[in-house]
Amino acid sequence: MSIKYNPQKIEKKWQNFWEKKGFYRAQNPAPSQKRLGPKFYILVEFPYPSGDGLHVGHVRSYTALDAVARKKRMQGFNVLYPMGWDAFGLPAENYAIKTGIHPSITVKKNIANFKRQMKSLGLSFDWEREINTTDPKYYKWTQWIFLQLFKNGLAYKKKMPINWCPSCKIGLANEEVVDGECERCGAQATIKEKEQWMLKITKYADRLIKDLDKVNYLEKIKAQQINWIGKSFGTEVDFKLEKTDKKITVFTTRIDTIFGATAVVISPENPLVQEITKKEKETEVKRYIKQSKQKSEFERINLEKTGVFTGAYCINPLNNEKVPIWVGDYVVAAYGGGAVMMVPAHDARDYQFAKKYELAIKEVVSGGDIKKEAFTDYGALINSGEFDGLSSEKAIKIITQWLEQKKLGRKTIQYKLRDWVFSRQHYWGEPIPIIHCKKCGQVPVLEKDLPVKLPFVKKYQPTGTGESPLAAISSWIKVKCPKCKGPAKRETDTMPNWAGSSWYFMRYLDPKNDKKITDPKKLKYWIPVDWYNGGMEHTTLHLLYSRFWYKFLYDIKVVPQSEPYAKRTSHGIILAQDSRKMSKSWGNVINPDDIIKQYGADSLRLYEMFMGPFDQMIAWDTKGIIGVRRFLDRFWNLVLSCINNKKSNKEIQSAFNKLIKKITEDLDNAKFNTAVAAFMEFSNLVSSNQDKTGKDVIEKLLILFAPFASHITEELWSLSGFKKSVHLQKWPVYNPKLIKEEKITLVIQINGKVRDKIEVAVDISENKAKEIALSQEKIKKWIADKKIKKVVFIKNKLINIVV
RNA sequence: GCCGCGGUGGUGGAAUGGCAUACACGGGGGACUUAAAAUCCCCUGGCCGAAAGGCCAUGUGGGUUCGACUCCCACCCGCGGCACCA
């Protein structure tokens with residue numbers, strides 16, 4: 001064995017070679033390129049280029065899908081596998097506050113590092129299409145989409161509670177609030193009302209659920225999205241206020257229990273509170289509302305349910321009973337109108353509330369023991385007048401119809417999904433392209449004036465008023481109103497992190513187009529993304545947001561389909577060796593650079609695919625990577641010792657054809673771990689049959705293995721004397737004839753237990769098999785003088801003799 | 001509480017109705033070496049047995065089936081998501 005496997009020596013060489021040759025550039029369709037082959041668009045989530053560099057979790061997703069991309073190219077597909085940078089975000093801004101270094105400089109540095117790391121892994125990204133969300137040429141189009149949303153009435157401003165740190169005097173993003181405290185200074189975070197830009201995602205709630213039928217996402221992803229949107233069918237009922245024409249409308253999914261409603265409870269935020277509260281109760285109610293405003297989210301949810309009587313009453317439309325109206329902060333303001341009917345006998349929360357305030361508990365559905373606890377199941381109605389005896393299911397239908405006829409209620413659908421809070425009071429984000437004019441109101445920036453560039457500032461410190469740092473740059477703020485040319489002011493809020501990533505997959509198709517967001521022809525050719533992989537944590541935010549934007553773009557005829565991603569998978573996170581999360585503070589972070597340096601990129605790639613099922617969480621184990629490296633060493637020697645042999649024998653050929661089948665299928669099904677295991681298994685077979693394995697199989701084996709270990713295969717391929725890259729070879733196709741066995745091992749069972757195995761010709765008949773089986777010494781012993789009751793024969797698998 | 005996923009050797013895991021424990025790690029033994037590392041070869045679920053062989057074992061308890069890790073029912077445990085959503 002003359003040459004030794006030395007990844008450090010060969011990997012860089014081939015990475016440079018591939019880059020120079022431009023193998024991985026996707027071809028856009030043009031009239032002259034008729035024979036491009038079918039397209040295949042593979043997308044992995046682009047990273048936020050943090051100062052910490054690439055995480056082994058990124059590597060897991062990128063290398064697995066890199067293997068898929070490489071295989072698809074070899075199968076003749078025109079593959080697009082792009083990469084870019086989701087570079088707006090708080091860490092860069094916080095770093096700027098600390099050091100005064102502009103975020104764009106930090107980001108540039110981090111991107112260079114990420115890119116170097118990705119290249120050192122031998123990933124086949126098409127770097128010609130690299131995008132960066134903080135590039136004005138990119139965010140011009142993010143702003144453009146916002147303008148379309150605004151013009152179509154889907155972007156609006158509304159007073160919303162935001163997290164506020166009274167010590168830093170700054171609005172906090174949800175992720176900056178840890179256990180109710182400000183992440184920076186540890187002060188108790190409070191709530192502050194502020195005007196916020198909102199996007200009307202709720203308008204798309206139903207379609208976002210329904211269209212999941214059209215796509216191939218992992219079931220758990222679909223389930224989580226459906227859950228998050230939270231569609232529920234129910235009834236709205238109007239409770240007339242006593243002695244007025246006003247009414248309170250409540251939402252319920254259990255209209256069958258309305259005869260048991262002993263109070264109506266409205267949330268403290270409900271504007272009706274002021275209107276209805278009786279004089280004598282005013283101080284008490286005001287005090288209560290003030291108190292609940294000071295409560296943290298945690299307190300509101302976990303402490304005892306509380307409330308206060310307003311002194312007012314309304315009328316239950318079913319039985320005309322007088323029902324007291326209470327204010328309670330356990331009622332969610334933003335859901336179902338912020339008002340509920342309280343049915344203590346049949347709702348656990350209402351039961352608790354009623355016990356505390358000694359309100360009546362009236363049983364109207366039989367089946368439980370309401371002295372002990374609320375009965376929340378369906379049952380037969382009692383104490384419900386003309387509806388007595390009906391089942392809950394029927395009563396829900398009939399009572400709703402009754403209400404509809406009398407115009408006192410209606411069937412309705414509620415969603416848990418809320419509109420998307422789209423404003424951030426931060427510097428490092430896309431400026432929202434709106435101009436405020438005293439005369440004309442909110443005026444969109446003219447499209448020809450896009451992008452609204454983020455101005456350079458000297459101070460990134462928060463302003464203390466809750467406005468973004470942009471509010472301090474008067475020269476930037478002062479503009480002419482595009483409509484009336486009068487003096488006006490720019491919007492100073494910026495967009496959230498999620499903005500740039502909500503449409504980035506479109507820009508890869510046409511990254512340099514400055515006339516259009518993307519050429520429609522290219523959209524038509526490439527979209528949908530054929531396979532999108534990313535983290536489970538993005539299911540309910542990024543994935544949903546981007547589907548929403550895409551559907552909107554479809555509605556305004558910018559894109560040709562209504563769903564952007566045909567298939568979505570998710571990789572499990574990689575924990576540290578100690579099974580905790582990798583974190584700098586724990587000191588258990590694995591840096592891909594170190595692994596590559598020590599074991600080579602191919603070992604890292606292969607290990608991350610081999611470590612366990614792709615979608616499952618798993619702990620890092622450095623022992624495992626040593627095992628993979630050992631395998632590569634053996635593989636190297638094996639190839640070199642067999643590559644000049646003549647022809648493989650039947651057994652090897654048959655095993656190899658099975659391997660082709662397995663690898664092809666496993667890659668399509670994201671079963672990377674078993675694919676790698678199959679390579680190991682086949683190598684073990686070759687290892688003990690070296691003289692029977694020839695170049696016919698070895699050459700194809702290199703091709704088959706190239707998507708996984710892209711460097712070692714390229715080196716061995718070239719050592720074998722080939723000039724053209726292994727990655728430009730055709731993907732092997734298995735020969736069904738060679739896969740078919742001539743002989744099989746037939747399992748003989750007695751009463752379902754394996755007692756013997758025999759080698760027989762394939763497709764042996766039942767009678768023949770039975771004859772042979774019964775003649776086996778071992779089997780004779782088991783049967784002895786017992787009577788054979790039944791014989792089950794499964795062709796080419798087993799024969800089971802029941803005695 | 002609701003939704004989803006999972007529970008298999010000492011460890012990561014394989015097998016979705018038909019040979020349980022592939023592949024790898026770790027462990028044990030041997031070869032090579034003055035020695036060690038590396039490498040190579042053999043063994044490695046538990047129990048009984050000298051061996052042949054047998055019995056037991058896929059979270060627990062039932063069921064369906066000639067046959068169950070796999071399907072059905074009930075339960076226990078772990079993980080992830082949502083959660084005062086009426």
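Here is the naming used below: chain letters follow the sequence lines, and residue numbers restart at 1 for every chain.
For C66(B), the base has no donor-acceptor partner in the side chain of Lys790(A) [N/O atoms by modelled type, under 3.5 angstrom].
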Exercise. Could you encode protein contacts along nucleotides 8-18 of chain B as a string, one character per nucleotide from 5' to 3', using B for base contact, S for sugar-phosphate-only contact and - for no contact, with a heavy-atom cut-off of under 4.0 Å?
Key: ----BSSS--B

Run the side-chain donor-acceptor check on residues 673-682 of chain A: report pairs under 3.5 Å with partners two or more places apart or on a different chain.
residue: Thr674(A); atom: OG1; partner: Asp666(A); partner atom: OD2; Å: 2.9
residue: Thr674(A); atom: OG1; partner: Lys671(A); partner atom: O; Å: 3.2

Practice problem: Output, in order, the C-alpha distance, side-chain angles, deciding distance and verdict of side-chain hydrogen bond (donor to acceptor under 3.5 Å, both in side chains) for Tyr288(A) and Thr306(A). | Solution: CA-CA 9 Å; Tyr288(A) 177 77; Thr306(A) 60; 2.9 Å; yes

Quiz item: Would Tyr607(A) and Arg629(A) count as a side-chain contact (heavy atoms from CB on, under 4.5 Å) if you check the C-alpha gap in whole Å, the side-chain angles of each, and the deciding distance to 0.1 Å?
Solution: CA-CA 8 Å; Tyr607(A) 169 63; Arg629(A) 172 58 199 267; over 6 Å; no

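Here, C43(B) and C75(B) have their C1' atoms 41 Å apart, quoted to the whole Å. Annotation: C77(B) and G28(B) have their C1' atoms spaced 34 Å apart (nearest Å). Here, G26(B) and A38(B) have their P atoms 10 Å apart, quoted to the whole Å. The C1' atoms of U33(B) and C69(B) are separated by 47 Å, rounded to the nearest whole Å. Between the C1' atoms of A31(B) and G46(B), the separation comes to 31 Å (whole Å). With P as the reference atom, G49(B) and G61(B) are 27 Å apart, rounded to whole Å. Here the separation of A74(B) from C25(B), taken at their P atoms, is 43 Å to the nearest Å. Rounded to a whole angstrom, the distance from the P atom of G13(B) to that of A22(B) is 15 Å.
For Asp756(A) and Lys780(A), the salt-bridge test fails: no basic side-chain N is under 4.0 Å from an acidic carboxylate O. Classification of Glu651(A) and Lys692(A) as a salt-bridged pair fails, no side-chain N sitting under 4.0 Å from a carboxylate O.
Asn684(A) comes within 4.0 angstrom of the backbone, heavy atoms only, and of no base. Using a 4.0 Å heavy-atom criterion, one finds that Ser232(A) contacts the sugar-phosphate atoms exclusively. When heavy atoms are screened at a 4.0 angstrom cut-off, Gly230(A) is found touching no nucleic acid atom at all. Base engagement by Lys757(A) is indicated by at least one non-hydrogen atom pair under 4.0 Å involving a base atom. No engagement by Arg629(A) is indicated, since no non-hydrogen atom pair under 4.0 Å with the nucleic acid exists. Trp620(A) comes within 4.0 angstrom of nothing in the nucleic acid, heavy atoms only. Backbone-only engagement by Lys753(A) is indicated by non-hydrogen atom pairs under 4.0 Å involving sugar-phosphate atoms exclusively. Within 4.0 Å (heavy atoms only), Val340(A) reaches at least one base atom of the nucleic acid.
Atom pair Phe672(A):CZ and A24(B):C1' shows a separation of 19 Å (rounding to whole Å applied). Distance, Leu606(A) CG to C25(B) P: 12 Å, rounded to whole Å. The separation between Gln577(A) atom CD and C25(B) atom P is 15 Å, rounded to whole Å. Look at OH on Tyr217(A): it is 18 Å from C1' on G4(B), rounded to the nearest Å. If you measure from atom NZ of Lys220(A) to atom C1' of C82(B), you get 16 Å, rounded to the nearest angstrom. For the pair Phe793(A) CZ and G67(B) C1', the interatomic distance rounds to 16 Å; values are reported in whole Å. One interatomic measurement links the two molecules: CG of Leu685(A) to P of C23(B), which rounds to 11 Å at whole-angstrom precision. Counting to the nearest Å, the C1' atom of G54(B) and the CG atom of Asp756(A) are 15 Å from each other.
Relative ring orientation between His542(A) and Tyr532(A) is described as perpendicular, the plane-to-plane angle rising above 60° on a 0-90° scale split at 30° and 60°. In this structure, His346(A) and Phe375(A) have perpendicular ring planes: the angle between them is above 60°, well past the 30° mark. Note on ring orientation: taking the six-membered ring where Trp is involved, the planes of Trp326(A) and Phe353(A) are perpendicular (angle over 60°, cut-offs 30° and 60°).
For G9(B), the glycosidic angle deviates from 0 by 90° or less, giving a syn base.
Atom NZ of Lys397(A) has 12 or fewer neighbouring heavy atoms from other residues, nucleotides or ligands inside a 6.0 Å radius. Under a cut-off of 6.0 angstrom, the local environment of NZ in Lys247(A) is sparse, with at most 12 non-hydrogen atoms contributed by other residues, nucleotides or ligands. Counting heavy-atom neighbours within 6.0 Å of Lys797(A) NZ, excluding the residue itself, gives a total of 12 or less.
When the nearest nucleotides of RNA chain B are assigned to Trp228(A) and Gly627(A) by heavy-atom distance, the more 5′-ward of the two goes with Gly627(A). Nearest-nucleotide mapping onto RNA chain B: of Lys778(A) and Lys623(A), the residue sitting toward the 5' end is Lys623(A).
Within residues 257-265 of chain A, no residue places a heavy atom under 4.0 Å from RNA chain B.
The side chain to side chain donor-acceptor pair (under 3.5 Å) check on Glu665(A) picks up Lys661(A), with sequence neighbours excluded.
In this structure a side-chain-to-backbone donor-acceptor pair under 3.5 Å is present from Asp602(A) to Ile712(A). The main-chain N or O of Thr235(A) is never found under 3.5 Å from a side-chain atom of Thr400(A) such that the two would form a donor-acceptor pair. Proximity of a side-chain donor or acceptor of Lys305(A) to a complementary backbone N or O of Gln352(A) within less than 3.5 Å is not detected.
In this structure, Phe635(A) has its ring center under 6.0 Å from that of Phe705(A).
Side-chain contact annotation: Thr745(A) with Glu759(A), donor-acceptor N/O pair under 3.5 Å present.
Distances shown here put every side-chain N or O of Arg634(A) at or beyond 4.0 Å from the OP1 or OP2 atom of C23(B). A sub-4.0 Å separation between OP1 or OP2 of A38(B) and a side-chain N or O of Arg630(A) is absent. Phosphate proximity of C55(B) to Arg755(A): present, with a side-chain N or O under 4.0 Å from OP1 or OP2.
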Any N/O pairs under 3.5 Å between the protein and nucleotides 1-3 of chain B? List them or say none.
residue: C3(B); atom: O2'; partner: Asn227(A); partner atom: ND2; Å: 3.2

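In RNA chain B, the stems built from three or more successive Watson-Crick or G-U pairs (distances below 3.5 Å) are B:1-7 with B:76-82, B:10-12 with B:23-25, B:26-31 with B:39-44, B:45-48 with B:53-56, B:59-63 with B:71-75.
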